[in-house]
There are 2 protein chains.
Amino acid sequence: MSEPIFQYRHPHPAVTVDCIIFGFDGLQIKVLLVQRKSEPFAQHWALPGAFVQTDESLDACATRVLQKECSISGVYVEQLYTFGLPERDPRERVISVAYMGFVKTTDFQLIAGNNELQADWQALDQLPVLAFDHHAMIQKALERLRGKIRYQPIGFELLDVKFTIPQLQQLYEAILGKNLDRRNFRKKILSTGLLKQLDEKQQNVAHKAAYFFAFDQQQYQQLMQEGIYLELL
Amino acid sequence: MSEPIFQYRHPHPAVTVDCIIFGFDGLQIKVLLVQRKSEPFAQHWALPGAFVQTDESLDACATRVLQKECSISGVYVEQLYTFGLPERDPRERVISVAYMGFVKTTDFQLIAGNNELQADWQALDQLPVLAFDHHAMIQKALERLRGKIRYQPIGFELLDVKFTIPQLQQLYEAILGKNLDRRNFRKKILSTGLLKQLDEKQQNVAHKAAYFFAFDQQQYQQLMQEGIYLELL
DNA sequence: CCAAAAGTGTTTATAGTACACCCATGC
DNA sequence: GCATGGGTGTACTATAAACACTTTTGG
């Protein structure tokens with residue numbers, strides 16, 4: 001079987017989708033990376049990504065990439081930015097549409113796809129050298145995340161179904177890169193009405209056990225429908 | 001001279017850049033449109049846009065489009081969103097990177113390019129039927145504009161070098177779609193320190209003449225360097 | 001009983017909101 | 001002198017920020 005050839009009357013760039021998926025392990029923010037099997041940048045770590053297929057929307061491509069390369073599915077992702085400098089890929093002109101998303105690292109068992117050596121979570125403050133302009137992509141995603149977390153309950157997507165308020169605060173501090181006042185944080189976050197307290201407490205901790213809370217999805221939907229702009233910090 | 005052919009081993013989409021340029025005429029927000037000369041959507045109004053060239057960055061493409069199709073130059077534009085539904089162009093798969101920008105309508109004399117019948121400003125609330133998914137692009141740009149105007153001094157780019165505070169307020173009201181209190185608006189906008197009052201007043205108005213103000217570019221640069229997050233509303 | 005983190009309330013400062021009267025100008 | 005829009009200040013309310021002690025738990 002000979003390779004098919006696609007012809008156009010004008011030069012066409014290739015278009016890829018790359019995904020910046022953030023995860024939180026209770027202490028640090030991590031980002032999902034895959035180790036490349038093939039050139040260019042073989043052996044290098046990179047964001048999961050793939051060429052957009054002809055009949056596939058950009059959103060669908062992002063979903064497919066995560067499924068194929070990391071075995072992750074059912075994740076909400078949103079478009080971040082499109083990177084299109086002419087020299088960003090050594091092979092040919094490649095324009096990349098970056099998507100970002102948030103998950104609980106514990107929800108998925110990462111399985112690398114056929115074109116990847118491995119897939120893993122890596123801490124933001126000790127990233128390896130990355131392929132292409134993927135470092136810039138992560139930077140852009142972080143900026144967006146820091147802006148977003150102030151008015152959208154992203155935090156909840158990164159934490160377990162049940163979590164304590166100090167855990168939530170730790171997440172916010174990790175994202176914002178600064179410490180917050182415990183009392184004010186609790187007051188503010190509870191005032192949104194988006195958290196419901198569970199009867200359950202932490203166990204086996206060498207200090208007073210914290211209550212678990214859960215994110216009230218229903219309440220969130222309702223607030224969004226009413227068009228309320230909620231400030232979280 | 002026969003047409004050149006470009007060949008690839010995988011299907012490649014075409015990539016375009018479309019520009020949503022907002023202008024303000026003192027009363028309404030307008031958007032810059034061109035009337036298409038050729039198919040598809042010949043005669044229809046559309047956003048200025050063009051195919052990305054091989055050695056051209058996306059930003060550069062946006063600049064080129066505005067120059068060629070409308071004779072506008074020296075405008076700051078920023079990337080908005082990338083539209084990539086498979087069916088958005090009847091010819092072939094076309095992915096479009098949308099850019100947005102803000103200008104004073106009076107700063108430019110619009111001259112349509114060779115592939116456009118005309119270029120003109122059109123009011124947002126009475127747009128014609130537009131080519132492709134350009135209506136959705138304008139909607140997205142408006143949402144972004146409404147968010148942006150709350151913390152970035154976009155208003156100043158849309159107004160003349162000198163403007164009165166009531167004019168500025170009218171602009172904000174046009175963008176946000178609601179009325180603001182005159183006294184509070186003045187207080188808030190002056191408290192940023194970004195406006196310097198000029199000695200000059202309005203002339204030939206049948207009421208008390210308003211003072212002109214100018215945007216203090218230097219002050220703005222300084223505030224941005226200090227990383228101050230300024231709320232404008 | 002000690003270390004470590006959870007939980008809780010009050011005070012102060014700052015920012016937002018609502019609101020009414022006088023002023024300058026052209027006709 | 002009248003209609004039109006420009007300019008100004010104050011009181012009230014709500015939100016943000018600062019801050020210290022008591023409680024629970026495991027070791």
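This one's a predicted model, so the numbers in the text were calculated from it and none came from an experiment. Chain A is the first sequence line, chain B the second, and so forth, proteins listed ahead of strands; every chain is numbered from 1.
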Do NZ/NE/NH1/NH2 and the carboxylate oxygens of [X] and [Y] come within less than 4.0 Å?
| X | Y | answer |
| --- | --- | --- |
| B:Arg183 | B:Asp181 | yes |
| B:Glu78 | B:Lys148 | yes |
| B:Lys162 | B:Glu200 | yes |

- Message: According to ring pair (Phe, Tyr, Trp, His ring centres under 6.0 Å), who are the partners of A:Phe24, at least two apart in sequence or on a separate chain?
- Response: none
- Regarding the side chain of A:Ala206, the nearest nucleotide among D:dG26, C:dG26, C:dG7 is D:dG26
Grab the [atom1]-[atom2] distance between [X] and [N] for me, whole Å please.
| X | N | atom1 | atom2 | answer |
| --- | --- | --- | --- | --- |
| B:Gln202 | C:dA24 | CD | C1' | 12 Å |
| A:Asn204 | C:dA4 | CG | P | 18 Å |
| A:Lys201 | D:dG26 | NZ | P | 10 Å |
| A:Leu180 | D:dA17 | CG | P | 10 Å |
| B:Phe185 | D:dG7 | CZ | C1' | 14 Å |
| B:Lys208 | D:dG6 | NZ | C1' | 5 Å |
| A:Leu168 | C:dA5 | CG | C1' | 16 Å |
| A:Asn179 | D:dA17 | CG | C1' | 15 Å |

- So B:Glu69 and B:Arg64, salt bridge (Lys or Arg N to Asp or Glu O under 4.0 Å) or not? Walk me through it. CA-CA 8 Å; B:Glu69 300 191 5; B:Arg64 177 175 59 86; over 6 Å; no
- Less than 6.0 Å separating the ring centroids of B:Phe212 and B:Phe163? no
- Item | Derivation and outcome, salt bridge (Lys or Arg N to Asp or Glu O under 4.0 Å), residues B:Asp133 and B:Arg88 | CA-CA 6 Å; B:Asp133 50 1; B:Arg88 56 174 296 284; 2.7 Å; yes
- Position toward the 5' end of DNA chain D (nearest nucleotide), A:His207 or B:Thr164: B:Thr164
- Identify, between B:Val205 and A:Ala210, the residue whose nearest nucleotide on DNA chain C lies closer to the 5' end. A:Ala210
- Message: So if I define the base as every atom that isn't primed, P, OP1 or OP2, how would nucleotides 12-20 of chain C read as a B/S/- string at a heavy-atom cutoff under 4.0 Å?
- Response: ----SBBBB
